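Small disclaimer: the values here were computed from a predicted structure and weren't measured.
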Amino acid sequence: MNMKVKMKFYIVLLNLLLLFTAVDAQPVLQYLHEGWSFRQAWGTNWYGATVPGTVHTDLMDNKLIDDPFYRLNERGVQWVDKEDWIYRTTFDVAPELLAKRNIVLHFEGLDTYADVTLNGKKVLAADNMFREWQADVRSLLKEHGNELQVYLHSPIKVAMPKWEAVPFQYRSSNDQSENGGLLNRKVGVFVRKAGYHFGWDWGPRLVTSGIWRPVALEAWDEVRIDDVFYNQKSVTANQAVIDVTVEVLSDKETEASVSVINRTDSRTECRKLIRLNKGMNKIPVSFTMKKPRLWWTNGLGEPFLYDFATTLELDGKQIDITEDKLGIRSLKVVTAPDEHGESFYFELNGKPLFAKGANYIPCDNFLTRVTDSIYEKTVQDAVSANMNMLRIWGGGVYEKDIFYDLCDKYGILVWQDFMFACSVFPAEGELLENIRKEAIDNVRRLRNHSCIALWCGNNECLDAWFNWNWKNTYDKQNPAYSDIIWKQFKDQYFVTLPAVVEEYHPGACYRKSSPYSDDKGTRNHTVGDMHYWEVWQGLKPLSEFKHERSRFFSEYGFQSFPEFESIKRYAPLQEDWNLTSEVMMAHQRGGATANKRINDFLLSEYRQPKDFRSFTYMSQLLQADAMKIAMEAHRRDMPYCMGSLVWQHNDCWPVASWSSRDYYGRWKAQHYFTVKSFADLLVSPIEDGNVLQVYIVSDRLKPTSGELKVCALRLDGGGIVKEFTRRVTVPANTSTVVWRETVDKLLDGANKEDVVIHVSYKDKTGKEYTNNYFLAKQKDMHYVTARINKDFVAVEGGYDVTLSCDVFARGVFLSLKGDIDNFISDNYMDILPGKPVTVRVTTDLPGLQFAERLQVTSFLDAVEL
Ligand code: BMA
């Protein structure tokens, strides 16, 4: 059963012996989150524990281990996953709960191998972190002193014999078994648990165990609603046809009635008298809404949500109710043959939608400490950057309900991978059945969310098999191994998972893998989605981002370091502050190769940073420029290309990575740049030979017109070389060249290294969209030392800082020295000569301290002059 939907409407018993006379027929719920303690299985000392929680966080809370994110501490906690752990609590049960005819113990998540006993009797054994677990415990419960115990087996010890039993190895690129003291024994693929816990190329190896999601007793008498599924069969502006399936669990044959209430419009959409059989009853009801208010994504309109309730009545008395927020929308993935190959785009309410977004990984290695406000900020930051899609990548977790609630609320579509990434997985017999059940639990839990746009079998497993030389290697070793793995692969992603989606989320789109063009793993730019890594991995120049084409970029990325003030949080010692220090290397999981790449790109296209702090700054500017180039190119290529999801939105610990926001939530340069690159209108210059073309890409659903200015400006403050102004009309929802001119004419004899091309488009409402374009590589630009004036005034919640300069200042970066919480509204921006820029700095710092701590860095400050 879906506890989230139901829990709000249970009578929640907070260990209080309350009497509920009026509502005695209703289900009741009692959370079991109090009084927990834990110990190492072979130990004797019990310590206080938090549930939901993990062993690592409990060990930290008890000061038994140090924070694994700090400096090199990760190494010292590798023993934790080799141990078994026991959690226990005692609890009383309210008499009215005990009086119920049905009582179930429900774990929303157990990580991972857990034996659960209640009052000395084993009630369930869990073996999959992603599943929900229930046990009928009515006969075991008593009013006082119940003892609940959860024995957590070491995932490594359980998986090791499975690994040893197979004559070949299931390949798994990112499992850092060596860091865990396991040599080449990559056992992670045998454990249905978040892949990144075993390490990734941006994450530590921290293999958790724990009761990681809520646990409760659920009790009811004769009937209850088990689940409600709102299937939006067809939606237009005129009407929405909704098929609802209400699953009702009944103890007996009886008459009842089910109603679906549209609370937003204060209307009962339908009411049905039903005959319930003993056991599970699936009751179909259907209704039509006239002229529904549609749900739109961020930027296209309001993500309007209706409040719905489904009630169950027995003898005229309401027994159970569930509530859902529902965005009414039609959403399709259009994959139709066209003159190039095959389209791949999302269509929302009949409108083709260019997907702008990012790949999302879990926000922490210790998932239970991701607070609601972290989720809120994480999704909000996508909204602020004008995104409309997040891809929940397959090496993490099916996220918590709140994540999808926020995406529904703010109009962010979710591309949902099943939890398989960059590996081949054993998937036969019990393991495959385990996977099927995991898929059912999660599809059922998430299918009512309007944000769910697509289910995807895995991340890069197909690509790995065909294009990373995996298949060949197995073929050479023993073709029978290839056959086994490929059969399991097909059973899993071509048969089992799509069947679950079809049965439990009919009408939803399922893709076998990402990237995916065909079943043979062909990398085809004209069909399907693509992960583009030719610059970062393939070492091609940044300019390749301008040319590469795909129907949908579901990944592309470039690394950078967190800003220096963030680095100081996890690496506070001066000895840590160089690229090759042990601590910096431990927090760079791409290894020396990754640092070398950043360095090489800086040398070939930027300049040598003068010190470590400058390096961190420059790495961010490089990443931001690279991703800007890519985002703009993808959007200019609309409608051939209809999606651009950058790798990656967030970090799970403090690290050098591809993220655009660091672990602490600080925006990197890239995130600031994304705000503009993903704006509803993008004005984007690009050279085609000796011609400069200016595109305007519009996601607006109506045409617009306004004034375009293209201006070649001297970097040294010497004024305008050439300026063109023109009125332009921009068609709706596509990309158009609105201006072109030869570069020679634009430069009017000036050197390309001496000017910046500044373009702006002002629409009728006065809203202005700007962009800067360079005709030469950054390292060749003739920047002039920028003396930046800064003035600030106190405003509510912080300061407005005005920056100005009499020459062109590239990549002006503001930061506050020290471990200070702050947010800067715009950053790493270019300042044009004589054109002041004002940004808002949100901080609690008093004025004097603010002035002392405010640091301003621009391009030339970071290099040896
Ligand atoms: C991708 C992802 C991740 C990985 C990232 C960076 O292709 O799917 O597995 O972390 O690249 O290498």
Side-chain angles (χ1 to χ4, degrees), residues 38-40 43 47-85 87 111-112 129 152 154-157 174-182 186-188 191 193-212 361-371 374 395-397 561-562 566-573 575-577 581-591 648 650-657 659 662-666 819:
F38 82 120
R39 69 167 161 84
Q40 212 164 326
Y47 298 92
T50 303
V51 168
T54 71
V55 170
H56 286 83
T57 41
D58 285 331
L59 288 170
M60 270 188 267
D61 290 347
N62 284 284
K63 310 225 171 322
L64 297 168
I65 60 169
D66 292 324
D67 172 10
F69 288 2
Y70 182 80
R71 301 193 76 237
L72 301 171
N73 286 349
E74 174 204 355
R75 295 177 186 173
V77 299
Q78 293 302 315
W79 58 275
V80 175
D81 56 63
K82 322 291 182 301
E83 295 295 330
D84 294 358
W85 300 90
Y87 278 69
D111 175 16
T112 290
M129 175 188 185
L152 296 161
S154 148
I156 305 303
K157 287 201 302 203
N174 293 285
D175 186 328
Q176 297 165 7
S177 52
E178 277 168 351
N179 292 351
L182 303 175
K186 294 178 190 286
V187 298
V191 190
K193 168 173 177 60
Y196 80 110
H197 285 168
F198 296 88
W200 216 267
D201 56 2
W202 35 256
R205 182 183 182 282
L206 292 164
V207 187
T208 58
S209 286
I211 304 165
W212 77 294
I361 65 168
C363 292
D364 204 301
N365 267 85
F366 307 118
L367 290 156
T368 50
R369 64 181 187 189
V370 185
T371 57
I374 294 176
V397 296
F561 273 63
S566 289
I567 288 178
K568 285 197 270 181
R569 283 196 186 176
Y570 63 93
L573 308 185
E575 68 193 65
D576 301 337
W577 301 339
S581 74
E582 214 178 340
V583 171
M584 250 348 96
M585 288 309 297
H587 291 255
Q588 164 54 289
R589 301 318 267 246
Q648 69 201 67
N650 54 332
D651 280 325
C652 67
W653 80 314
V655 67
S657 82
S659 72
D662 71 25
Y663 170 67
Y664 309 109
R666 280 204 174 120
D819 194 1

**OP:** Check whether any side-chain N or O of Asn62 sits under 3.5 Å from a backbone N or O of Leu64 as a donor-acceptor pair, and report yes or no.
**Re:** no
Subject >> Thr112 backbone acceptor or donor facing Lys193 side chain under 3.5 Å >> reply: no
Original post:
Are the side chain of Ser154 and the backbone N or O of Lys157 linked by a donor-acceptor pair below 3.5 Å?
Top reply: yes
Subject >> Spacing of Asp662 atom CG and Ser566 atom OG [to the nearest 0.5 Å] >> reply: 3.5 Å
**OP:** Report the residues that fulfil side chain to side chain contact (heavy atoms under 4.5 Å, CB included) with Pro52, sequence neighbours left out, ordered by chain and then residue number.
**Re:** His33, Pro214, Thr368
Subject >> Passing candidate, side-chain hydrogen bond (donor to acceptor under 3.5 Å, both in side chains) with Thr208, options Thr54, Asp111, Asn365 >> reply: Asp111
Original post:
With sequence neighbours left out, which residue pairs that include part of residues 71-80 fulfil the side chain to side chain donor-acceptor pair (under 3.5 Å) condition?
Top reply: Arg71-Asp576, Glu74-Arg589, Arg75-Glu582, Gln78-Arg205
Subject >> Whether Phe69 and Trp653 hold their rings parallel, tilted or perpendicular, with breakpoints at 30° and 60° >> reply: perpendicular
Original post:
Has the side chain of Asn650 got a donor or acceptor atom that lies under 3.5 Å from a matching backbone atom of Ile361?
Top reply: yes
Subject >> Any residue meeting side chain to side chain contact (heavy atoms under 4.5 Å, CB included) with Asn174, in chain and number order, not counting sequence neighbours >> reply: Trp200, Asp201, Cys422
**OP:** List for me each residue that meets ring-ring contact (aromatic ring centres under 6.0 Å, His included) alongside Trp577, sequence neighbours excluded, and say none if there are none.
**Re:** Phe564
**OP:** Any chance you could lay out the side-chain contact (heavy atoms from CB on, under 4.5 Å) test for Ile156 and Leu182, step after step, and finish with the verdict?
**Re:** CA-CA 9 Å; Ile156 305 303; Leu182 303 175; 3.8 Å; yes
Subject >> By side chain to side chain contact (heavy atoms under 4.5 Å, CB included) - contacts of Arg569 (at least two apart) >> reply: Tyr664, Arg666, Asp819, Asp821
Original post:
Hey, mind stepping through Tyr87 and Val55 against side-chain contact (heavy atoms from CB on, under 4.5 Å) and telling me if it holds?
Top reply: CA-CA 9 Å; Tyr87 278 69; Val55 170; 3.7 Å; yes
Original post:
Is there a donor-acceptor pair closer than 3.5 Å between any side-chain N or O of Ser659 and the backbone N or O of Gln648?
Top reply: no
**OP:** Please list all pairs passing the salt bridge (charged side-chain N to carboxylate O under 4.0 Å, His left out) test where one or both residues lie in residues 51-61, with sequence neighbours left out.
**Re:** none
**OP:** Taking Asp364 for its side chain and Leu367 for its backbone only, find out whether a donor-acceptor pair lies under 3.5 Å.
**Re:** no
